[in-house]
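If you're wondering where the values come from, they're calculated on a predicted model, not measured in any experiment. The basis for the numbers below is simple: all heavy atoms, side chains too, and nothing from hydrogens, waters or symmetry mates. Numbering of ligands and ligand atoms starts at 1, following listing order.
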Amino acid sequence: MSDIALWGRLNSGNVQKAVWALEELDLAYEHVPLGGVHKGLDDPAYLAMNPNGLVPTLRDGDLIVWESHAVVRYLSAAYGGGLLFPPDPRERSVVDQWTDWTATTFQPAWISVFWLLVRTPAAQHDKAAIDKAIKASLGCFWMMEQRLGQVPYLGGEQLTYADIVAGASMYRWMTMPIDRPSMPSLEAWYTRLSERAAFRKAICVSYEELVGRLAF
Ligand SMILES: N[C@@H](CCC(=O)N[C@@H](CS)C(=O)NCC(=O)O)C(=O)O
């Protein structure tokens, strides 16, 4: 058994961030499907590891970490060897800025489009709410468009964990049936990410099982 284990269903956007980091760093790990159709989130043994009762959870030896951004940041710091995780605090502050913005602002905005449009059964769609959520998301995407017009990655010149947590949204955003205004720098970033095997494996994953499904 590998020292590293990851719990969570592979069609969870938050689990996908952890898978991308593990794959990007070429780490050996055991994957344990959990949540969604696999259930198990209320298993006392799981709750003892992750009292938040959600996925992902990472184990590395005797360390347990949950919260996807903490997991990705840990893997980058522990195994990135300077890649993904800039050692200079000034450079890293910018990476953290985009990472925390993703957690607090960007992800809540775009994921609400995903829930209203994809996870909500079509018969219950609320067009006004969907339009409002798309508008709020576009505000975030325009910020990224501007940043990515200046530098190739959110943190600067190199791929970092900020690209992992924010880029994890891109496959869903680019494949949802919505009108997307042209954003050349964002699209070029998506193309750059798509050239990475780790991105394709972790992020370009079917979400068919989630369509029209508000709960498991
Ligand atoms: N803030 C948490 C959110 C975790 C979360 O919401 N996980 C969802 C999947 S994306 C979950 O466990 N849902 C229940 C399920 O999969 O059954 C993180 O980033 O890890």
Side-chain angles (χ1 to χ4, degrees), residues 4-25 27 29-60 63-78 84-85 95-121 133 136-137 140 154 160-176 198-199 201-216:
I4 302 182
L6 178 72
W7 283 259
R9 58 184 167 88
L10 295 176
N11 61 5
S12 145
N14 288 311
V15 173
Q16 289 173 359
K17 296 170 190 169
V19 174
W20 182 2
L22 287 161
E23 294 289 333
E24 192 70 43
L25 296 166
L27 295 168
Y29 61 98
E30 178 194 355
H31 171 245
V32 185
L34 198 90
V37 296
H38 310 285
K39 309 277 184 194
L41 293 175
D42 54 358
D43 176 349
Y46 185 69
L47 288 171
M49 284 196 303
N50 181 343
N52 203 32
L54 296 171
V55 288
T57 299
L58 180 89
R59 189 196 65 215
D60 184 5
L63 174 74
I64 302 284
V65 190
W66 44 272
E67 274 299 321
S68 58
H69 291 195
V71 168
V72 170
R73 196 185 270 117
Y74 164 70
L75 290 170
S76 305
L84 295 185
F85 187 91
V95 177
D96 277 329
Q97 163 197 288
W98 288 103
T99 299
D100 290 2
W101 174 78
T102 296
T104 58
T105 308
F106 169 52
Q107 182 164 317
W110 83 262
I111 206 79
S112 125
V113 179
F114 189 74
W115 276 85
L116 290 165
L117 189 66
V118 175
R119 297 214 48 174
T120 301
S137 301
C140 295
L154 289 173
T160 66
Y161 55 88
D163 298 288
I164 294 185
V165 299
S169 62
M170 289 307 288
Y171 174 71
R172 292 185 181 185
W173 180 256
M174 297 305 260
T175 56
M176 275 196 278
F199 178 87
K201 178 169 180 182
I203 307 300
C204 303
V205 170
S206 167
Y207 49 85
E208 192 59 37
E209 192 178 83
L210 308 178
V211 173
R213 187 166 202 164
L214 285 167
F216 285 95

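Within 4.0 Å of ligand 1, heavy atoms belong to protein residues R9, S12, N14, G35, G36, L41, L54, V55, P56, E67, S68.
Under the side-chain contact (heavy atoms from CB on, under 4.5 Å) criterion, V118 pairs with F114, M176, Y207, V211, sequence neighbours left out. With sequence neighbours excluded, the residues satisfying side-chain contact (heavy atoms from CB on, under 4.5 Å) with S206 are E208. Residues satisfying the salt bridge (Lys or Arg N to Asp or Glu O under 4.0 Å) criterion with E23, sequence neighbours excluded, are K201.
From C204, atom SG reaches atom CZ of R172 across 11.0 Å, with rounding to the nearest 0.5 Å. Atom CD1 of I64 is separated from atom CH2 of W7 by 5.5 Å, given to the nearest 0.5 angstrom.
Ion pairing between a basic and an acidic side chain is recognised when a charged N comes within 4.0 Å of a carboxylate O; D163 and K17 show no such pairing.
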